[in-house]
Amino acid sequence: MQNDKLKSYLSLHLIVFIWGFTAILGALITINAEALVWYRMLLAGIFLGSFIVFKKESFRVPIKAFFKLIFVGLLIALHWIFFFRAIHVSNVSITLSIFSLGAFFASLLEPIFFGRKVLWYEVFFGLIIIAGLALIMQVEIQYLNGMYYALASIILGVLFTLMNGKLIADHEPSVITFYEFGAGVFFISIYFLFQGKFTADFFELSLNNWLLILLLASVCTAYAFTASVKVMRKLTPYTVMLTTNLEPVYGIILAYFILGGKEKMSTEFYIGAIIIVITVILNGVFKHYKKDDKV
């Protein structure tokens, strides 16, 4: 059991590293956020559908669960649209740093979803993360619009993470994710049809954009998203959300080396990032210590 949890925790860190790279791809792909999310979810859904057929798994889900998956798919689509918009109007570093608020929102909402009491240390660690975020934001006020988009994105991210935390008890992660992505494509397609955006130009992408979108849809979405749902069987949604606070650290480091000097931030920014990393480590140690006390 302990080895399974350790493997899940290490897998989660690999997933978070991949998510950090997702932000880099979002900055490099030169189409708008809505189109990017449409292509991402469509191609990832195709990859997942092929995987399910290959594994000979069943696509069947109860009708009640189906409608829940449709709703979660809408949340995921909106989450990603706001995420990429935030990157486009600010930068990768600002967008990812806002994501550190996710742990605090999760600590408040998880007890409502799972019917358990609020744990004081989860709120405490969440507040420390907010302090680190405040330090980061202190000198970056010019990116306010990007912060708003990123904040909306992380709130939606917390909501669908908590809902998936309940859905995985009875369904395969790949099947859950397949329907959620399909729902996202459906809702965005309806929006595009009403807006008249499905034109010939919409489907004319450069080779570079196609390659980056394929990488985004396969490794950074189909694999990473399904694997993240799977590790939630061993880890709590709060632990998942708190660990994703390493995404800003991974993403900011990658952005600095891949995107260049425009991603170089202030000293306060990097101090705040260190606070976030230390908080993630302390949370893991504290949870382990509390479990040992119960043995």
Side-chain angles (χ1 to χ4, degrees), residues 17-50 73-99 143-154 156-157 160 177-178 180-226 247-248 250-252 254-263:
F17 183 85
I18 292 172
W19 282 341
F21 188 67
T22 297
I24 310 301
L25 294 177
L28 294 174
I29 296 170
T30 58
I31 60 178
N32 65 56
E34 293 86 352
L36 175 52
V37 174
W38 187 85
Y39 276 110
R40 179 185 191 179
M41 299 187 88
L42 175 65
L43 294 173
I46 293 172
F47 289 135
L48 283 171
S50 302
L74 174 61
L75 296 181
I76 294 170
L78 292 172
H79 162 73
W80 280 339
I81 288 171
F82 286 132
F83 173 72
F84 289 119
R85 277 189 181 178
I87 290 173
H88 292 163
V89 302
S90 58
N91 62 23
V92 170
S93 300
I94 291 297
T95 300
L96 293 181
S97 63
I98 293 292
F99 270 47
Y143 296 120
L144 191 60
N145 286 338
M147 296 180 202
Y148 288 148
Y149 281 127
L151 183 61
S153 178
I154 195 57
L156 292 167
F160 80 70
T177 311
F178 173 78
E180 290 172 348
F181 287 178
V185 172
F186 171 77
F187 285 117
I188 298 174
S189 297
I190 295 297
Y191 168 73
F192 282 169
L193 286 171
F194 277 103
Q195 295 291 318
K197 294 193 174 186
F198 279 132
T199 63
D201 290 340
F202 179 86
F203 297 99
E204 291 181 1
L205 302 180
S206 67
L207 177 61
N208 186 62
N209 275 338
W210 272 119
L211 293 175
L212 293 176
I213 289 172
L214 284 171
L215 178 60
L216 176 66
S218 57
V219 177
C220 299
T221 307
Y223 164 73
F225 203 86
T226 303
E247 182 179 346
Y250 295 146
I252 291 161
L254 289 169
Y256 183 82
F257 288 104
I258 296 174
L259 300 178
K262 67 179 182 179
E263 289 289 339

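Index from 1, following the sequence.
Rounding to the nearest 0.5 Å places CG of Leu212 at 8.5 Å from CG of Leu216. Here the NE2-CZ distance, from His79 to Phe84, works out to 8.5 Å after rounding to the nearest 0.5 Å. Summarising the geometry, atom OH belonging to Tyr39 is positioned 6.5 Å from atom CD1 belonging to Ile213; distances are rounded to the nearest 0.5 Å. Residue Leu215 holds its CG atom at 10.5 Å from CZ of Arg40, rounded to the nearest 0.5 Å. Taking CG from Leu207 and CH2 from Trp210, the interatomic distance works out to 10.5 Å, rounded to the nearest 0.5 Å. A distance of 9.0 Å separates OG in Ser218 from CG in Leu43, rounded to the nearest 0.5 Å.
The local environment of CZ in Phe203 is crowded, with over 12 non-hydrogen atoms from other residues, nucleotides or ligands closer than 6.0 Å. Shown here is Phe187, whose CZ atom has more than 12 heavy atoms of other residues, nucleotides or ligands within 6.0 Å.
Closest approach of Gly146 and Ser90 over heavy atoms only: CA-OG, 3.8 Å. Closest of all the heavy-atom pairs between Leu96 and Gly20 is CD1-O, 4.5 Å. Nearest heavy atoms, Val92 versus Gly251: CG1-O, 4.1 Å. Taking each heavy atom of Ile81 and Ala33 in turn, the nearest pair found is O-CB, 3.6 Å. A pairwise comparison of heavy atoms in Ile76 and Glu180 identifies CD1-OE1, 3.4 Å as the closest pair. Ile98 and Ile154 get closest at one heavy-atom pair: O-CG2, 4.4 Å.
Ring geometry for Phe198 against Phe202 counts as perpendicular: the plane angle is over 60°, on a 0 to 90° scale with 30° as the lower cut. Ring geometry, Phe82 versus Tyr149: the interplanar angle falls under 30°, so the pair is classed parallel (tilted spans 30 to 60°).
Taking the ring centroids of Phe160 and Trp80, they lie at or beyond the 6.0 Å cut-off.
No option in Asn209, Leu211, Asn208 other than Asn209 meets the side-chain contact (heavy atoms from CB on, under 4.5 Å) test with Ile29.
In this structure, Leu254 and Phe17 have side chains that are in contact, with non-hydrogen atoms separated by less than 4.5 Å.
Put simply, the side chain of Ser93 never gets that close to the backbone of Ile252: no donor and acceptor are under 3.5 Å apart.
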When you look at Phe47 and Thr221, which way does the side-chain contact (heavy atoms from CB on, under 4.5 Å) test go after all the steps? CA-CA 10 Å; Phe47 289 135; Thr221 307; over 6 Å; no
What verdict does the side-chain contact (heavy atoms from CB on, under 4.5 Å) test give for Val185 and Phe181, after you've listed the backbone C-alpha separation in whole Å, the side-chain angles of each residue and the deciding distance to 0.1 Å? CA-CA 6 Å; Val185 172; Phe181 287 178; 5.6 Å; no
Going through the checks in order, is the side-chain contact (heavy atoms from CB on, under 4.5 Å) test met by Leu259 and Leu28? CA-CA 8 Å; Leu259 300 178; Leu28 294 174; 3.5 Å; yes
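Scored by the ring-ring contact (aromatic ring centres under 6.0 Å, His included) test, Phe186 finds no partners at all (sequence neighbours excluded).
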